[in-house]
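Each remark here refers to the structure printed beneath this line.
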Amino acid sequence: MASLILPLLGGALIGLSASLLLWLNGRIAGVSGIAGGVFGAVRGDRGWRLAFLAGLLGGGLLLRFAWPGTLGAPPVSSPWWLVVAGLLVGVGTRLGNGCTSGHGVCGVSRGSLRSVVATLTFMATAILTVFVVRHVLGGAT
Amino acid sequence: MKAVLVAGLCGVLFALGLGLGGMTQPEKVLAFLDVAGQWDPSLAMVMMGAVGTHAVLLRLIRRRPAPVLASRFPAPAQTRVDMALVAGAALFGVGWGLVGYCPGPAFTSLATGGRDVLLFVGSMLAGMVLFSAGSRAKR
């Protein structure tokens, strides 16, 4: 049971963070959108984005020291897979305008049709990818 | 200045939620996506917790005329479902399924200082820059 309550609590914190960012700053807590915007040309729009990303890293440092075990490493054998996956995630989230947080949490909460379609799409291709890697090719990437 | 501070604190809170939820353990994420294997359903609870909380608070927040520290709420998002949306989401899903990192957990996991997460985040940012450069060139 505890194995389900902790994730629910973690999710609630994510939802709370997204709500605070919207309530106070009027911004959507979509991590790929926030990161992608750092490279945009809009003046005066970088500070809060970099601060949010720094906060993600700061939270990671807190986790690392206060709660080791919450941070894992990817079970990937070749560095090339990390590069390919990173490029796919980078290009894909910009082309599709969002990721698990922007579409999956913020957009679905808002009832956005675009976000529902995006979430179903990336869930489906992620599940398919894991299926092919693990059960067709029979191993880790 | 206040808005920058708020963003930083929201980032910390977001990261703690990811960690507590198990999103920063790629093995766990891949086990959640492995519906034909030893399926680990716990990450569905993260989604439920996040969407449940935000969906309720969102409705309260939207009753205000404007955010506390900004002049207006984000403009109503586009509603059109197009090829770019579907193709982008599909590519993202493949990358997520290969390694088990989506953008938020990847940034948070930089705290481990591991080579793998560094490579992933580096190429993710490169992908974003490439995309920006490509779409600027098209215009």
Side-chain angles (χ1 to χ4, degrees), chain A residues 4 7-8 10-15 17-21 23-26 31-32 36 39 47-48 51-52 55-61 63-64 70-74 82-83 85-96 99-101 105 108-109 117-118 121-122 125-127 129-130 141, chain B residues 3-4 6-8 10-17 19-21 24-26 33-34 42 45-46 49-51 53-55 57 61 67-70 73 81 85 88-100 102-104 107-108 110-112 114 116 119-120 123-124 127-128 131-132:
Chain A
L4 293 183
L8 194 66
L13 278 186
I14 294 169
S17 163
S19 303
L20 287 172
L21 195 65
W23 175 46
L24 295 169
N25 285 9
V31 178
S32 60
F39 308 108
W48 75 273
F52 186 89
L56 284 179
L57 177 61
L61 289 170
L63 287 169
R64 179 176 169 184
T70 52
L71 298 176
L82 292 156
V83 172
L87 285 171
L88 285 171
V89 170
V91 172
T93 51
R94 296 320 298 134
L95 180 63
C99 57
T100 357
S101 46
V105 176
V108 169
S109 295
V117 171
T121 305
F122 66 66
T125 56
I127 286 170
T129 302
V130 171
T141 39
Chain B
V4 171
V6 164
C10 284
V12 172
L13 197 62
F14 199 98
L16 296 180
L20 211 65
T24 45
Q25 297 168 61
L33 295 171
D34 190 8
S42 65
M45 304 300 287
V46 181
V51 170
T53 304
H54 192 50
L57 294 178
I61 292 164
V68 178
L69 302 171
F73 284 114
V81 174
L85 178 85
L91 291 178
F92 160 50
V94 174
W96 189 33
L98 278 177
V99 165
C102 51
F107 278 114
T108 299
L110 281 175
T112 63
D116 286 3
L119 261 179
F120 180 87
S123 15
M124 177 175 85
M128 288 178 173
F131 180 82
S132 298

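Here is the naming used below: chain letters follow the sequence lines, and residue numbers restart at 1 for every chain.
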### Query
What are the two closest non-hydrogen atoms of A:Thr70 and B:Gln25, and how far apart are they?
O-CG, 3.4 Å
### Message
At a heavy-atom distance under 4.5 Å, which candidate from A:Ala12, A:Ala118, A:Gly86, A:Gly58 has the highest pair count against chain B?
### Response
A:Gly86
### Query
Looking only at heavy atoms, what is the nearest atom pair of B:Thr112 and A:Arg64, with distance?
O-NH1, 3.8 Å
### Task
Please examine the side chains of A:Val83 and B:Ser123, heavy atoms only from C-beta on, and report whether any two atoms are closer than 4.5 Å.
yes
### Message
I'd like to verify something: which residue of A:Leu24, A:Val31, A:Leu63 has the highest number of heavy-atom pairs under 4.5 Å with chain B?
### Response
A:Leu24
### Task
Among the options B:Leu69, B:Leu85, B:Val4, pick out the one with the most heavy-atom pairs lying under 4.5 Å from chain A.
B:Leu85
#### Entry: Closest-packed option against chain A by number of heavy-atom pairs under 4.5 Å, given B:Leu119, B:Asp116, B:Leu57
B:Asp116
### Query
Do you know which of B:Leu110, B:Val46, B:Leu91, B:Val6 has the most heavy-atom pairs under 4.5 Å to chain A?
B:Val46
### Query
Which one, B:Gly100, B:Gly97, B:Gly114, B:Ala70, leads in non-hydrogen pairs under 4.5 Å with chain A?
B:Gly97
### Summary
Between B:Phe14 and the options A:Ile14, A:Leu13, A:Val105, the side-chain contact (heavy atoms from CB on, under 4.5 Å) test singles out A:Ile14
#### Entry: Closest non-hydrogen atom pair, A:Leu71 against B:Ala111
CD1-CB, 4.4 Å
### Message
Which atoms of A:Arg94 are under 4.5 Å from chain B, going by heavy atoms: the side chain, the backbone, both sets, or neither?
### Response
both
## Note on the structure
In A:Ser109, A:Ser17, A:Ser19, the residue satisfying side chain to side chain donor-acceptor pair (under 3.5 Å) with B:His54 is A:Ser19
### Query
Pick from A:Pro74, A:Ser32, A:Gly96: which one has the most heavy-atom pairs with chain B under 4.5 Å?
A:Pro74
### Task
Please round to the nearest 0.5 Å and tell me the distance separating atom OG1 of A:Thr129 and atom CG of B:Leu33.
8.5 Å
### Message
Looking at every non-hydrogen atom in both residues, tell me the closest pair between A:Phe122 and B:Ala89 and how far apart they are.
### Response
CB-O, 3.1 Å
## Note on the structure
Pair count under 4.5 Å, heavy atoms only, with chain B: among A:Leu56, A:Leu8, A:Leu87, highest is A:Leu56
### Task
Please name the pair of heavy atoms, one in A:Gly59 and one in B:Ala15, separated by the smallest distance, quoted to 0.1 Å.
CA-CB, 3.7 Å
### Task
Check whether any side-chain heavy atom of A:Val89 lies under 4.5 Å from a side-chain heavy atom of B:Pro103, and answer yes or no.
yes
## Note on the structure
Looking only at heavy atoms, the pair that brings B:Ser132 and A:Phe39 closest together is OG-CB, 4.4 Å
#### Entry: B:Phe92 side, atom CZ; A:Thr125 side, atom OG1 - distance, nearest 0.5 Å
8.5 Å
### Query
When only pairs under 4.5 Å are counted, which of A:Thr100, A:Val108, A:Leu20 shares the most heavy-atom pairs with chain B?
A:Thr100
